[in-house]
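Values below: every heavy atom of this structure, side chains too, minus hydrogens, waters and symmetry copies. Numbers here are sequence positions counted from 1. Each ligand, and each atom within it, is numbered from 1 in the order the structure gives.
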Amino acid sequence: MQPGRLIVLTGPSGVGKGTLLRLLLKKHPELYLSVSATTRQPRPGEVDGKDYYFVSSDKFQQMLAAQELLEWAEYAGNYYGTPSLPVKQQIQCGHSVILEIEVLGARQINKTFPNALRIFIEPPSFEELERRIRSRGKDGEEAIFQRLQTAKAELEAADEFDLQIVNDDLEKAVLLLENAIFCL
Ligand code: 5GP
């Protein structure tokens, strides 16, 4: 059996990675979206095991020590990481797997999966990114400030990735994403 492919979707928080993925997965339910572990508190409506595995800092450290994470990063004061096992199992079974992660983690994937397709999602402008992060209304002022600071550095890394897609028009961005995943 042909192994599946690893697809990494990265870019700053608030750029719309999650929305793009929801639309993509509706059209292509055969794609497997990895569920990350995080020490961040759940936002209203988020479900443990679906949106994230919400874990304590101790549990996250245990996972790190046991080498259970494919990649990980500290982001805006919390830890995030990809559990390795489900990703490796799905790929072995021939399924393509998508990781939706920030830039530091996306860089680590280079070492473990050099053939991964790594896509960077860009906002139309920094002002628009700030507007999107604020309009989610789910983060406090301190968290928004941290996310915007991190976003500046993340945007500078866009060229490191295989492909850049501007998320201006959602439908168009999904088509570009589909094209990259199924045709490149
Ligand atoms: P949020 O707190 O908004 O859900 O996520 C913050 C950032 O962490 C986003 O850019 C998101 O893509 C990223 N992220 C989510 N899961 C992971 C993960 O497993 N590893 C890494 N490196 N970043 C992640």
Per-atom contacts of ligand 1 with [X], taking only distances under 4.0 Å to non-hydrogen atoms:
| X | result |
| --- | --- |
| G105 | 22 (N) |
| R43 | 1 (P), 2 (O), 3 (O), 4 (O) |
| Y75 | 6 (C), 7 (C) |
| A73 | 22 (N) |
| R40 | 1 (P), 2 (O), 4 (O) |
| E71 | 18 (C), 19 (O), 20 (N), 21 (C), 22 (N) |

Region of E46 that comes within reach of ligand 1 [heavy atoms, distance under 4.0 Å]: neither
Ligand 1 contact on Q108 by region, counting heavy-atom pairs under 4.0 Å: neither
Atom CZ of F145: over 12 foreign heavy atoms under 6.0 Å: no
Which pair of heavy atoms, one from [X] and one from [Y], lies closest together, and at what distance?
| X | Y | value |
| --- | --- | --- |
| P12 | E154 | CA-OE1, 3.1 Å |
| P42 | F54 | CA-CE2, 3.5 Å |
| L70 | S84 | N-OG, 3.4 Å |
| S135 | R132 | OG-O, 3.1 Å |

Which heavy atom of the protein is the closest neighbour of [atom], given with residue, atom name and distance?
| atom | result |
| --- | --- |
| atom 13 (C) of ligand 1 | E102 N, 3.6 Å |
| atom 3 (O) of ligand 1 | R147 NH1, 2.8 Å |
| atom 10 (O) of ligand 1 | K17 NZ, 3.1 Å |
| atom 19 (O) of ligand 1 | S36 OG, 2.7 Å |
| atom 1 (P) of ligand 1 | Y52 OH, 3.5 Å |
| atom 12 (O) of ligand 1 | E100 OE2, 2.7 Å |

Within-shell test, T82 vs ligand 1, heavy atom, strictly < 4.0 Å: yes
Ligand 1 contacted by E154 (non-hydrogen, < 4.0 Å): no
Contact check: P12 vs ligand 1, nitrogen or oxygen atoms, below 3.5 angstrom: no
Geometric class of the Y80/Y75 ring pair [parallel <30°, tilted 30-60°, perpendicular >60°]: perpendicular
ILVMFWY cluster, L20 and L31 together (side-chain gap under 4.5 Å): yes
Single-linkage hydrophobic cluster L175~F182, side-chain heavy atoms < 4.5 angstrom: no
Side-chain ion pair, E141 and R134, N-O less than 4.0 Å: yes
E156 with K152: basic N within carboxylate O range, under 4.0 Å: no
Side-chain (R118) to main-chain (F161) donor-acceptor, under 3.5 angstrom: no
